[in-house]
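A quick write-up on the structure given underneath.
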Amino acid sequence: MAGIKTFVLDTNVLLHNWQSIECFHDNDVVIPMAVVEELDKFKKNSDELGRNARQVIRRLDRLRRVYADQPGHLKTGVELSHISSTATGKLYVIGCGGVSGDNLAARVKPVFGGDLSLESPDNRILLVACELDAAGRRVVFISKDINLRLKADALGLRAMDFEQRGSERDETAYTGFTTKTVAAAKIDRLYREKEMPGAGFSLLPNEFMVLTADDNPKHTALVRCGADGKLRLLDRNDNVWNVMPRNKEQRMALDLLLDPDIRLVTLVGGAGTGKTLLALAAALQTVISENRYERILVSRPIIPLGNDIGYLPGNKDSKLASWMQPIFDNLSFLLGGESERKAKSSSRYTPESLLNSGKVELEALTYIRGRSIARQFVIVDEAQNLTPHEIKTIVSRCGDGTKMVLTGDPHQIDNPYLDATGNGLSYTVERLKGQSLFGHVTLARSERSELAALAASLL
């Protein structure tokens with residue numbers, strides 16, 4: 001029992017992920033009564049927060065009914081194994097005031113200049129954590145509220161954010177590729193035979209590797225690890241719908257986008273790295289030129305940057321037009337809307353003609369639940385603004401023969417309830433890496449313009 005920790009959860013953790021109570025393995029989980037009261041305020045909402053609040057309340061009720069003939073067991077602890085296959089600790093629902101006394105008052109007053117007001121739900125949650133700590137429990141306070149974590153730290157509590165993807169940080173996040181220095185003869189042989197055994201390189205399926213000769217840094221080869229463990233050479237620099245890859249990461253991205261065996265692709269990168277442009281170019285290539293899919297379905301989260309402009313008139317397509325303008329910009333660029341890029345192979349198409357013919361469809365994510373999307377090339381742009389549950393709902397819509405691409409930048413999040421590690425895009429990358437149907441590339445260099453690259457690096 002000495003090694004068991006007690007995790008006290010804030011309301012925002014449960015609203016962020018209704019399964020969070022199962023994420024602490026053999027440790028105990030405490031939900032303060034103030035959290036239950038706050039969940040009651042959210043349960044009637046029709047949005048994601050309301051859904052999560054209802055799910056948490058139902059799970060607490062299931063635990064309550066385990067010992068329905070013995071009231072009060074939630075206060076003394078109920079085994080989480082009754083609702084979870086992974087969590088083996090106990091869950092407690094308790095209020096503040098159980099073990100308070102002179103020691104607690106001596107701890108609070110020097111920090112806040114007096115007693116904490118019990119009118120604030122945040123203070124009542126903090127007091128529960130303090131009382132458990134004063135009682136000798138190994139308390140860890142979990143909250144997504146930075147200010148509340150600061151207050152907990154000031155009271156001497158260990159405070160942490162809830163990160164759904166685990167303990168990994170940005171610097172160790174999966175990028176989809178690695179580098180390796182090898183003998184020049186091995187690279188020469190690779191160019192002759194087009195593939196080589198992957199033993200000794202420890203690559204995941206669909207992970208790329210840049211091989212550099214030990215005697216000449218300019219002598220390189222780019223390979224991708226297949227599901228069979230073999231490394232296959234990427235020896236083509238494909239022109240995809242008049243778009244040429246400008247760096248090695250874009251070559252990797254196009255290789256995944258054009259591979260019909262890869263059903264889900266995630267592209268992460270800053271502004272101007274080409275995420276959306278490459279995805280649309282590959283979509284046009286496979287739908288218009290190769291007829292591999294029936295249509296292109298494009299969607300984006302409806303979350304504004306800054307203040308919203310309010311109600312938009314018209315039907316669904318008219319309302320979506322403003323939100324989808326970045327997609328139209330990229331389509332116009334690819335279809336010859338820019339005078340310097342007009343090409344005979346694409347000039348007969350316009351964004352309007354593709355929309356009218358049904359080859360391109362714009363859809364709001366609001367209406368995607370319940371759909372079964374077959375034989376389509378689906379692009380979800382700005383996916384960093386989606387929660388893990390929303391991503392699961394979207395990806396699970398894929399029917400037979402559908403390919404889905406998620407693009408976004410985890411460092412440009414407009415959803416106030418998400419961060420760089422807890423958003424759905426980052427969560428998907430970490431959970432699906434190594435699966436044969438999944439591929440990922442992190443794009444690092446901005447190719448939009450010199451000014452855009454300068455802004456991305458310095459501002």
To check you understand the geometry: which heavy-atom pair defines the closest contact between [X] and [Y], and what is its length?
X    : Y    : result
A282 : L258 : CB-CD2, 4.0 Å
Q376 : R371 : NE2-NH2, 4.5 Å
A281 : V243 : CB-CG2, 4.2 Å
A383 : V380 : CB-O, 4.0 Å
W241 : S289 : CZ3-OG, 3.0 Å
Q384 : N423 : O-CB, 3.2 Å

Does some side-chain heavy atom of [Y] sit less than 4.5 Å from a side-chain heavy atom of [X]?
X    : Y    : result
L264 : L406 : yes
F7   : I21  : no
Y427 : I391 : no
M252 : R224 : no
P326 : R300 : yes
Q412 : D414 : no
L39  : L15  : yes
W18  : R58  : no

With distance as the sole test, does [X] use its side chain to make a donor-acceptor pair with the main-chain N or O of [Y] at under 3.5 Å?
X    : Y    : answer
K275 : G269 : yes
T179 : V210 : no
R62  : I83  : no
T286 : A283 : yes
Q250 : L278 : no
R295 : S357 : no
R246 : R445 : no
D40  : V36  : no
E430 : Y174 : yes
N12  : K144 : yes

Tell me whether [X] at atom [atom1] has more than 12 heavy atoms from other residues, nucleotides or ligands lying less than 6.0 Å away.
X    : atom1 : answer
L150 : CG    : yes
H82  : NE2   : yes
K194 : NZ    : yes

Starting at [atom1] of [X], measure out to [atom2] of [Y] and round the result to the nearest 0.5 Å.
X    : Y    : atom1 : atom2 : answer
K75  : M33  : NZ    : CE    : 9.0 Å
L277 : D329 : CG    : CG    : 11.0 Å
D26  : L80  : CG    : CG    : 11.0 Å
T11  : L49  : OG1   : CG    : 11.5 Å
K5   : D28  : NZ    : CG    : 12.5 Å

Hey, are R149 and D153 close enough for a salt bridge, meaning a charged N less than 4.0 Å from a carboxylate O?
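Here R149 does not pair with D153 in a salt bridge, since their nearest N and O are not under 4.0 Å apart.
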Under a 4.0 Å N-O cut-off, is there an ion pair linking K151 with D122?
no
Can you check side chain to side chain contact (heavy atoms under 4.5 Å, CB included) on L203 and F208, steps first, answer last?
CA-CA 8 Å; L203 295 180; F208 295 89; over 6 Å; no
Contact list for residues 251-296, test ring-ring contact (aromatic ring centres under 6.0 Å, His included), sequence neighbours left out
Y293-F377
side-chain hydrogen bond (donor to acceptor under 3.5 Å, both in side chains): pairs with one or both residues in residues 393-410, sequence neighbours excluded
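side-chain hydrogen bond (donor to acceptor under 3.5 Å, both in side chains) check on residues 393-410 returns D381-T407.
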Given the rule in the side chain to side chain contact (heavy atoms under 4.5 Å, CB included) test, do I57 and K43 qualify, once you have shown the distances and angles that lead to the verdict?
CA-CA 8 Å; I57 292 169; K43 69 181 183 181; 4.0 Å; yes
Passes side chain to side chain contact (heavy atoms under 4.5 Å, CB included), L63 versus V93? Steps please.
CA-CA 11 Å; L63 288 172; V93 177; over 6 Å; no
Do you know which of V8, I94, L127 makes side chain to side chain contact (heavy atoms under 4.5 Å, CB included) with P32?
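Among V8, I94, L127, the one that satisfies the side chain to side chain contact (heavy atoms under 4.5 Å, CB included) with P32 is V8.
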According to salt bridge (charged side-chain N to carboxylate O under 4.0 Å, His left out), who are the partners of K230, at least two apart in sequence or on a separate chain?
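Here the qualifying residues are E195.
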Which is it for T428 and V395 under the side chain to side chain contact (heavy atoms under 4.5 Å, CB included) test, yes or no, and what are the steps along the way?
CA-CA 10 Å; T428 301; V395 176; 5.6 Å; no
